[in-house]
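To find a chain, count down the sequence lines: A is the first, B the second, and so on, and within it residues start at 1.
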Amino acid sequence: MSDMAIWTEKLVKIYPDVRAVDGLNLNVPRGVVYGFLGRNGAGKSSTIRILLGLARATEGHGTVLGFPIGREQVAILERTAYVSESKTLYGNLTPRELVRFTRGFYPNWSEQAVRKYSQLLEIPMDRHFSKLSQGNRTKVCLLLALSQGADLLILDEPATGLDPVVLDEFLRILVQDVVSEGKTVFISSHQLSDVEQIADWVGLIDHGKLLLEARLDDIKSEFRFVTVAGNGLPQIQSSEVLLLASEGSFQKYLVKKDADAFAAQLSRQGATVAEVSPMSLREIFLALVRKEETCTSGNVGEIAEAVSLPLS
Amino acid sequence: MYVWKCWRDSRSRFVTSVIALAALCVFLTYMEVRFGAGVTRGGPPQAVTHAWSSVTRVVLGGVASLFTLFLGLLMGVSGPGQEFKERTAEFLLVRPRPRRYWVWTGWSVGVLELSAMVLLTTATTFGTLAYLTGHVQTWRPLATAVPVALGGAVAYGLTYFMTVVARNDRQGLSYGFGILFIDLMLPAAASYYRNVNLPSVLGFMLNACKWVTGATPALPVGSLVLWTFIALALPFGAQLVLERAEV
């Protein structure tokens with residue numbers, strides 16, 4: 001599994017009041033930008049905490065950069081940069097002092113990167129962290145992460161407080177400076193539009209379950225909504241059908257592959273196909289996370305199990 | 001790195017404490033020599049010896065020991081336990097070091113500061129005493145620093161451990177104070193009402209200082225071992241707790 005930057009199998013995390021992660025199977029290839037998408041409380045941060053050894057998995061196992069989670073945590077942390085959702089650092093230290101504190105831990109630390117990104121992101125290096133705005137705090141966290149020379153960047157809601165210009169600059173840095181060097185970026189977010197700009201892969205998580213894991217290009221080129229009319233439509237069992245929603249007299253199928261063939265199959269079985277339409281990531285995300293409200297019949301594919309398209 | 005940060009966070013408190021403790025000891029030494037023992041510079045040897053003994057017992061064994069216990073308790077709120085309260089634990093614990101590194105590094109910095117504080121205070125006290133009496137003692141008075149620093153390390157470790165357990169500096173300090181108060185009161189009550197000797201850190205510090213002055217002939221080796229063990233067991237306990245802690 002060392003060809004994967006992150007790999008987990010049946011990862012479970014149960015807190016006293018909630019099952020935060022529920023049988024998560026993640027496959028994050030190396031050298032890609034992976035968007036880990038989900039609503040607030042979907043289990044994204046809990047998953048990240050397990051990967052970084054901040055929390056222990058109740059069940060399941062996995063690796064980060066080939067090192068087993070929980071057993072070789074120091075090796076993982078040496079090669080992984082992390083920006084937390086809270087972005088809380090030492091308030092009494094300035095960014096310059098935070099750099100001084102952090103650099104000694106990482107053999108691949110780059111002072112050149114510190115100079116470059118502190119100028120590029122316009123970070124006030126001599127003001128106490130507690131006195132910085134939310135956006136500048138985020139920038140400092142990103143600066144520390146980018147300067148570590150890590151093989152894997154795990155960014156939990158990295159866009160918090162960033163203005164559009166800085167956000168755009170940051171996304172450009174990720175693509176041009178990080179991924180181009182063969183490093184992996186794992187971005188957890190509920191801001192789909194930001195992630196959609198740069199992600200190669202996406203994983204959609206809700207209620208601790210991975211609903212979908214696929215290449216973004218495949219999603220854009222293959223995933224379709226097939227809208228059909230008619231009553232008593234055939235029950236179709238297929239792993240290619242992710243979702244069935246009912247809207248009045250119309251049924252909408254979310255099909256991940258060969259939508260035209262699927263529509264033709266429905267037609268042969270007596271349905272009237274009204275539309276086969278492409279979908280944006282946002283539409284797929286909304287359709288999948290709202291499945292509980294919209295699913296009306298049982299001919300849905302294995303929605304509980306994550307859908308994973310093969311690497312091509 | 002972390003040593004630098006621990007020192008940076010505590011240096012002003014360290015300097016203030018050293019000055020306060022040394023000034024207190026110099027003042028008390030002066031009072032004890034001039035008004036307690038009534039010794040003047042170049043006074044009779046018997047009176048000088050008495051002054052040295054009483055200063056060691058009262059100033060170092062009593063006041064400085066209590067002050068060091070109190071300072072140790074206060075200083076123990078530093079370290080990884082405090083990071084949870086300040087919500088910086090997530091940042092710290094994803095640095096590539098085993099968790100025991102944070103516990104022992106933070107603890108070591110605190111114990112070194114405490115030891116330096118006690119040593120400086122002891123040296124200042126006996127320097128003052130030598131100046132006032134015109135008589136210089138050999139190494140033995142400086143040995144007073146060992147039990148005083150060890151007692152301080154126990155108090156420091158107690159708050160340090162409780163702060164990690166409670167994940168909160170104020171709660172850790174409260175628990176530390178509570179436990180130390182019980183450790184002072186319970187042995188006193190047991191000794192008074194039942195004639196039973198229970199270990200007490202302050203009692204150990206006093207007894208060890210008495211040995212230095214020659215008032216107690218035997219070095220309290222058993223107590224020394226016991227309190228050294230406790231001083232080391234507390235950060236080890238903190239390590240065990242932190243290694244199992246989830247953020």
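Note on A:Asp126 versus A:Arg96: salt bridge recorded, some NZ/NE/NH1/NH2 to OD/OE distance being below 4.0 Å. For the pair A:Lys116 and A:Asp177, the salt-bridge criterion is met [side-chain N within less than 4.0 Å of a carboxylate O]. Ionic pairing of A:Lys44 and A:Asp156 is not present here: no N-O contact between side-chain nitrogen and carboxylate oxygen is shorter than 4.0 angstrom.
A donor-acceptor pair shorter than 3.5 Å can be found between the side chains of A:His190 and A:Glu157. For the residue pair A:Glu97 / A:Tyr90, no side-chain donor-acceptor distance below 3.5 Å is found, with atom types taken as modelled. A donor-acceptor pair shorter than 3.5 Å can be found between the side chains of A:Glu111 and A:Trp109.
For the set A:Thr88, A:Ile76, A:Val83, the count of heavy-atom pairs under 4.5 angstrom toward chain B peaks at A:Thr88. Considering only heavy-atom pairs separated by less than 4.5 Å from chain A, the leading option among B:Arg97, B:Arg99, B:Glu83 is B:Arg97. Counting heavy-atom pairs closer than 4.5 Å to chain A, the top-ranked of the candidates B:Arg244, B:Arg95, B:Arg87 is B:Arg95. Ranked by heavy-atom pairs under 4.5 Å with chain B, the list A:Arg100, A:Arg103, A:Gln73 is led by A:Arg100.
For A:Glu78, the parts lying under 4.5 angstrom from a heavy atom of chain B are both the backbone and the side chain. Contact of A:Leu144 with chain B is made through the side chain alone, with heavy-atom distances under 4.5 Å. With a threshold of 4.5 angstrom between heavy atoms, A:Phe129 does not approach chain B through any atom at all. Heavy atoms of A:Gln148 lying under 4.5 Å from chain B belong exclusively to its side chain. Contacts of A:Arg49 with chain B are made by side-chain atoms alone, with heavy-atom separations under 4.5 Å and no backbone atom involved. Looking at A:Thr102, the atoms closer than 4.5 Å to chain B (heavy atoms on both sides) all sit in the side chain, from C-beta outward.
B:Ser78 contributes a side-chain N or O that, together with a main-chain N or O of B:Met75, makes up a donor-acceptor pair within less than 3.5 Å.
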